[in-house]
Amino acid sequence: MIFYFSGTGNSYYIAAKISERLGERLIPVAAEMSRQQSEYVYELNSGETTGFVFPVYAWMPPKIVTDFIDRLRLTGSEKKYIFAAAVCGDETGNAVDVLTGHLHSAGIEPDSCFSVIMPNNYVVLFDVDSKETEKNKLEAAEKTIDRITEVVSGRKTGIFEVRKGTLPAIKTKLIGTLFNKYGTGTGSFFADDKCTGCGICEKICSLGNITVKGKPKWGNNCAKCLACLHYCPARAIQHGNGTAKKGRYVNPNVTLEEMILRR
């Protein structure tokens with residue numbers, strides 16, 4: 001089984017490709033967490049692989065992913081094979097180390113870990129990549145997916161191919177911790193006059209945090225995945241004063257319908 005969380009489709013695309021190639025179940029973390037269980041128990045079949053595919057936010061795993069792992073129990077087959085894939089725009093910092101720490105506390109030891117470079121989407125601070133860079137990243141990601149599939153299908157252990165970047169400990173511990181504590185608020189989101197009230201933002205929100213009555217309203221349960229902003233067909237959703245002139249990005253290989261269905 002492969003657990004994943006995804007906002008604009010990058011992590012979903014990678015998880016779905018690996019799932020299809022390995023013949024493993026694909027399980028959305030957000031949908032599982034919506035059941036609000038104190039514990040999530042999954043029985044593994046003999047030889048079944050378990051993967052965790054997640055985006056990197058501020059050099060950290062999304063809190064919804066680590067909260068899920070903290071409540072996770074894997075039972076059944078003793079021949080477990082565990083892998084993780086961190087999806088990032090350029091580098092992961094120590095996000096994989098943070099994730100594996102939570103896995104260790106849950107009694108789960110990863111056999112292999114990877115990073116997958118995908119197009120940037122965090123327009124709160126940056127802009128999206130140029131179309132050429134986006135194309136190059138998507139093409140390179142296919143080779144990384146091939147590599148992950150090769151390692152995992154061969155059940156190779158001790159493979160850790162992660163691009164941490166410079167000063168990973170400082171970025172994760174300082175910026176990542178501050179992001180999780182203060183950066184996921186929704187006060188800066190708004191819909192401008194281009195909003196048509198179509199409701200796509202409500203449907204695409206994995207955490208069920210948006211309601212649309214005329215214009216969208218945000219609750220307090222936000223992962224800051226920015227799916228609402230990027231999927232808005234009118235480009236009406238903004239975050240503060242800095243996103244109106246910036247680009248939008250959703251994974252071109254994933255449909256809106258897929259993302260709504262698999263959220």
Got a donor-acceptor contact below 3.5 angstrom from the Arg73 side chain to the Glu39 backbone? no
In terms of side-chain heavy atoms, does Lys17 have a donor or acceptor partner in Thr149 at a distance below 3.5 Å? no
Smallest heavy-atom separation, Arg25 atom then Glu48 atom, equals NH2-OE2, 2.9 Å
State whether a side-chain donor-acceptor pair under 3.5 Å links Thr75 with Glu43. no
Determine, for Glu91 against Lys171, whether the closest basic-nitrogen to carboxylate-oxygen distance falls under 4.0 angstrom. yes
Under 3.5 Å, is there a donor on one side chain and an acceptor on the other for Asn10 and Asn251? yes
Using side-chain heavy atoms (C-beta onward) and a distance below 4.5 Å, is Cys201 in contact with Cys232? no
Is there side-chain contact between Val116 and Ile148, with at least one heavy-atom pair below 4.5 Å? yes
Would you say Val53 and Val98 are hydrophobically clustered, going by side-chain heavy atoms of ILVMFWY under 4.5 Å? no
Ile145 and Ile117: same hydrophobic cluster, using ILVMFWY side-chain contacts below 4.5 Å? no
Looking just at side-chain N and O atoms, do Asn121 and His230 make a donor-acceptor pair shorter than 3.5 Å? no
Nearest heavy-atom contact between Asp127 and Gly247 is OD1-N, 2.9 Å
Lys63 NZ: over 12 foreign heavy atoms closer than 6.0 Å: no
Give the minimum heavy-atom separation between Cys205 and Ile210, together with the two atoms involved. CB-CD1, 4.1 Å
Pair Tyr40 and Phe68, ring centroids less than 6.0 Å apart: yes
Quick one: does any side-chain atom of Asn221 pair with a main-chain N or O of Gly208 as donor and acceptor, under 3.5 Å? no
Taken to the nearest 0.5 Å, the spacing of Ile108 CD1 from Ile82 CD1 works out to 6.0 Å
When you look at CZ of Arg163, are more than 12 heavy atoms from neighbouring residues, nucleotides or ligands closer to it than 6.0 Å? no
On the 0 to 90° scale, with breaks at 30° and 60°, tag the Phe3-Phe52 ring pair as parallel, tilted or perpendicular. parallel
Step by step, work out the salt bridge (Lys or Arg N to Asp or Glu O under 4.0 Å) result for Lys164 and Asp97. CA-CA 10 Å; Lys164 290 188 173 185; Asp97 295 330; 2.8 Å; yes
Validation row: Leu74, Lys80 side chains within 4.5 angstrom (heavy atoms): yes
If you take all heavy atoms of Val162 and Ser115, which pair is closest and at what distance? CA-OG, 3.5 Å
Would Tyr249 and Asp129 count as having a side-chain donor-acceptor pair, cut-off 3.5 Å? no
Spell out, yes or no, whether Leu99 and Val87 are grouped together once hydrophobic residues are joined by side-chain heavy atoms under 4.5 Å, including indirect joins. yes
Heavy-atom closest pair, residues Gly9 and Val254: O-CG2, 3.8 Å
With salt bridge (Lys or Arg N to Asp or Glu O under 4.0 Å) as the test, would you mind laying out the steps for Asp90 and Lys137 before giving the verdict? CA-CA 10 Å; Asp90 293 293; Lys137 284 185 175 182; 3.7 Å; yes
Roughly how far, to the nearest 0.5 Å, is the CG atom of Leu138 from the CE atom of Met118? 5.5 Å
Consider only side-chain N and O atoms of Tyr42 and Thr50, and report whether a donor and an acceptor are under 3.5 Å apart. no
Fit a plane to each ring of Trp218 and Phe189, take the angle between them on a 0 to 90° scale, and name the class: parallel (under 30°), tilted (30 to 60°) or perpendicular (over 60°). parallel
Verdict with reasoning, Glu134 to Lys131, per salt bridge (Lys or Arg N to Asp or Glu O under 4.0 Å): CA-CA 5 Å; Glu134 177 184 316; Lys131 286 301 179 182; 3.6 Å; yes
Compare every heavy atom of Thr172 with every heavy atom of Trp59, then report the nearest pair and how far apart it is. O-OG1, 2.8 Å
Verify same cluster id: Tyr182, Val124 (apolar side-chain graph, 4.5 Å): no
Does any non-hydrogen side-chain atom of Leu26 lie less than 4.5 Å from one of Tyr4? yes
Hey, could you give me the CZ/SG distance between Phe160 and Cys113, rounded to the nearest 0.5 Å? 4.5 Å
For Arg235 and Asp192: C-alpha separation, side-chain torsions, deciding distance, then whether salt bridge (Lys or Arg N to Asp or Glu O under 4.0 Å) applies. CA-CA 9 Å; Arg235 291 175 55 104; Asp192 64 27; over 6 Å; no
